[in-house]
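To find a chain, count down the sequence lines: A is the first, B the second, and so on, and within it residues start at 1. On a predicted model such as this, the values are computed, not experimentally measured, just so you know.
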Amino acid sequence: MLRYTVRRVLMMVPLLFLVSLGVFALVLMIPGDPAITIAGENATEAQIDATRERLGLNDPVLVQYAAWAGNALTGDLGSSLFSNESVTGAIAGRFPVTLALTLAAMLIALLIAVPAGVVAALRRGRWQDRGATLFASVGISLPNFWVGILLIMAFALAFPIFPAVGYTPISEGVGAWARGLVLPGITLGTAVAAEITRQLRGSLTDTLQQDFIRTARANGLSGRAVVLKHGMKNAAVPVVTVIGFQVGFLLGGSVIVERVFGLPGLGDLAIRAVLQRDIPMIQGIVVVAALIVMLVNLVVDLSYGWLNPKVRQA
Amino acid sequence: MTATALDRREALAPPEPSARARFVRRFRRQKLALAALVYLVLVVLAAALAPLLATHDPLAQNLGSVLQQPGGGHILGTDDLGRDVFSRALYAGRVSLVAAAQAVGVAVVLGVIPGLIAGYAGRKVDAVIMRLTDALMSFPPLILAIAFVGVLGPSLTNAMFVIGVIFAPRFVRLVRGTVLSIREETFVEASRSIGTPTPRVILRHVLPNALSPLIVQISLTAAMAMLAEASLSFLGLGVQPPDASWGSMIERGFRYTATAPWLTVFPGLLIALTVLAFNILGDGLRDSLGREIRRGS
């Protein structure tokens with residue numbers, strides 16, 4: 001397991017390098033002169049020159065990249081062009097909100113998807129199965145900002161049960177914090193729930209048709225024990241994969257959901273940065289987002305080794 | 001002479017349904033997918049015929065009748081500037097559909113060619129192309145799209161180009177997989193052994209066999225592209241006013257959630273139904289592919 005872990009971690013290095021190249025290249029893609037774009041259209045010649053000097057744009061591209069990547073490795077992603085706030089600090093400050101939102105979404109997704117997927121697999125072809133399949137198709141087709149607005153109309157305006165907008169930090173009370181995350185969590189979690197339902201239904205159906213399940217039943221194990229002990233563990237591998245894939249989706253979706261519900265998270269920071277063309281901030285957010293996705297995929301891959309020992313030798 | 005003899009023998013043999021005929025027969029049984037196809041045709045027609053169907057000028061403001069409820073002179077009501085929501089939705093449908101088509105087009109072009117090369121060229125080229133797609137896939141799609149649009153400047157064309165780039169790896173993988181399985185087939189080997197040049201082998205044998213899974217992927221990607229366009233336009237990074245797409249209509253209507261819910265409900269319903277139709281159509285097409293086509297042989 002250790003060798004497998006080390007090899008898998010080393011595989012991240014070239015990927016990380018490519019990702020850093022891509023993020024750095026964002027600056028090169030700015031149409032025209034980045035110094036003018038960044039300094040603003042009304043900047044004087046001297047201001048533009050100063051900006052160029054400050055950003056190191058006079059250096060050869062390779063030197064620029066080395067400087068940027070070297071700093072990034074030490075956790076220094078530069079500073080905002082507008083507030084002079086450090087990018088790393090801004091991201092760290094916003095991160096708890098986005099983390100809370102994505103965890104809430106994942107929790108809600110699993111609460112919906114696991115029962116729905118299991119029931120669909122056990123009642124294959126009956127109305128429960130058709131219902132779960134329909135939910136899965138519709139769930140991935142709904143624009144999540146629209147779901148959010150509908151939820152606000154229903155549960156914040158028509159029946160004021162949950163707050164429509166805003167975020168309550170956990171330090172101001174766990175109850176208020178959790179209440180504020182219910183509607184955003186459902187909004188972000190619906191599509192994820194649909195995807196996991198679909199995957200769980202498929203993989204559990206396949207698993208339940210295997211010989212060892214029949215053997216377990218023949219040995220007199222109850223239906224519940226068969227499904228929970230043998231079925232679920234073996235059906236888990238594809239489901240865990242899908243959960244890993246969803247993290248990228250959750251991070252992207254949080255941009256929208258944070259906008260709809262006025263949550264001060266990473267997505268909100270990203271939108272502000274984009275509207276201001278705050279390039280270092282944009283780069284920092286993209287790097288962090290890619291890093292999170294890579295780390296989650298690492299955990300997912302390592303969990304295969306735990307769920308299925310055969311993978312370790314592969 | 002031999003050729004005509006062969007032709008005659010083929011003509012006399014009992015007709016064996018071609019893979020395509022079997023596909024059409026299977027697809028016809030998919031009632032839901034057929035309904036989705038009909039719906040999509042209607043939506044495309046409505047968008048194309050928008051000038052004929054629109055009851056009002058989609059850009060004409062009438063500050064005397066803002067935020068009118070659906071009914072009366074305006075089927076779907078009016079927005080905050082007194083513009084007719086139904087007429088705007090028709091024209092916005094054009095924008096949304098064309099945008100999705102652009103993104104899918106970019107994804108196909110940027111995906112199919114590297115996919116063919118990766119599958120056909122040697123291991124080194126293949127490894128480079130696949131690592132690049134891996135790197136592209138480790139960015140959360142929407143975050144990457146937002147970053148690109150932030151750098152290039154907000155416009156629908158930029159947004160859709162970026163979405164296309166982001167979806168391209170799916171096509172790279174699909175085409176590469178098909179090529180890898182087909183290049184070992186006997187008929188390809190036969191074609192190569194009589195000296196057919198590689199580009200011709202690809203055009204004659206590989207691409208036609210990759211076509212069916214490609215169409216499935218196009219339909220599913222269209223659904224995702226539509227959602228992506230709606231999301232970016234909702235964030236104000238896609239279509240710019242006074243033009244509207246369904247996503248940007250929701251963005252505008254969002255400010256009047258409490259007083260004029262129809263401004264967000266109708267465009268959202270249109271997006272949801274159209275995306276659902278693309279998804280159902282894609283699933284239906286995939287289920288209609290026999291195993292022989294799905295493997296790509």
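Most heavy-atom pairs under 4.5 Å with chain A: of the set B:D134, B:I280, B:T274, B:L142, this distinction falls to B:L142. The choice from A:Q276, A:M294, A:M153, A:Q283 that makes the most heavy-atom pairs within less than 4.5 Å of chain B is A:M153. Chosen from A:V147, A:V260, A:V287, the residue pairing most often with chain B at heavy-atom distances under 4.5 Å is A:V260. Of the listed residues (B:V149, B:L132, B:L273, B:T264), the one with the most heavy-atom contacts under 4.5 Å to chain A is B:T264.
The contact between B:A258 and chain A is made by backbone and side chain atoms together, counting heavy-atom distances below 4.5 Å. At a 4.5 Å heavy-atom cutoff, the contact between B:N279 and chain A is made by side-chain atoms alone. Both the backbone and the side chain of B:L269 have a heavy atom closer than 4.5 Å to some heavy atom of chain A.
Between A:V274 and B:G150, the shortest heavy-atom distance links the atoms CG1-CA, 3.4 Å. What you find for B:A272 and A:L142 is that their closest heavy atoms are CB-CD2, 3.7 Å. The two atoms that bring A:G252 and B:P140 nearest to each other are N-CB, 4.4 Å, heavy atoms only.
Atom CD1 of B:I271 is separated from atom OG of A:S141 by 12.0 Å, given to the nearest 0.5 angstrom. Between the CG atom in A:L251 and the CG atom in B:L144 there is a gap of 12.5 Å [rounded to 0.5 Å]. A:L134 contributes atom CG, which lies 8.0 Å from atom CG of B:L276 (distance to the nearest 0.5 angstrom). A distance of 5.0 Å separates CD1 of A:I152 from CZ of B:F254, quoted to the nearest 0.5 Å. B:M137 contributes atom CE, which lies 11.5 Å from atom CG of A:L15 (distance to the nearest 0.5 angstrom). Atom CG in B:L235 sits 5.0 Å away from atom CD1 in A:I256 (nearest 0.5 Å).
Looking at B:V275 and A:I140, their side chains never come closer than 4.5 Å, going by heavy atoms from C-beta outward. Counting heavy atoms from C-beta on, the side chains of B:I250 and A:F145 come closer than 4.5 Å.
For A:Y65, the OH atom is densely surrounded, since the number of other residues' heavy atoms within 6.0 Å is greater than 12. Heavy-atom contacts from other residues, nucleotides or ligands closer than 6.0 Å to CZ of B:F161 number 12 or fewer.
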Could you give me the CA-CA distance, side-chain angles and deciding distance for B:V265 and A:L150, then say whether side chain to side chain contact (heavy atoms under 4.5 Å, CB included) is met?
CA-CA 8 Å; B:V265 170; A:L150 293 185; 4.0 Å; yes

Determine, step by step, whether A:L275 and B:L237 satisfy the side chain to side chain contact (heavy atoms under 4.5 Å, CB included) criterion, reporting the C-alpha distance in whole Å, the side-chain angles of both residues, the deciding distance to 0.1 Å, and the verdict.
CA-CA 8 Å; A:L275 293 178; B:L237 301 176; 3.9 Å; yes

Checking A:I282 against B:I146 for the side chain to side chain contact (heavy atoms under 4.5 Å, CB included) test, could you report, in this order, the C-alpha distance in whole Å, the side-chain angles of both residues, the deciding distance, and whether it holds?
CA-CA 9 Å; A:I282 299 176; B:I146 290 168; over 6 Å; no

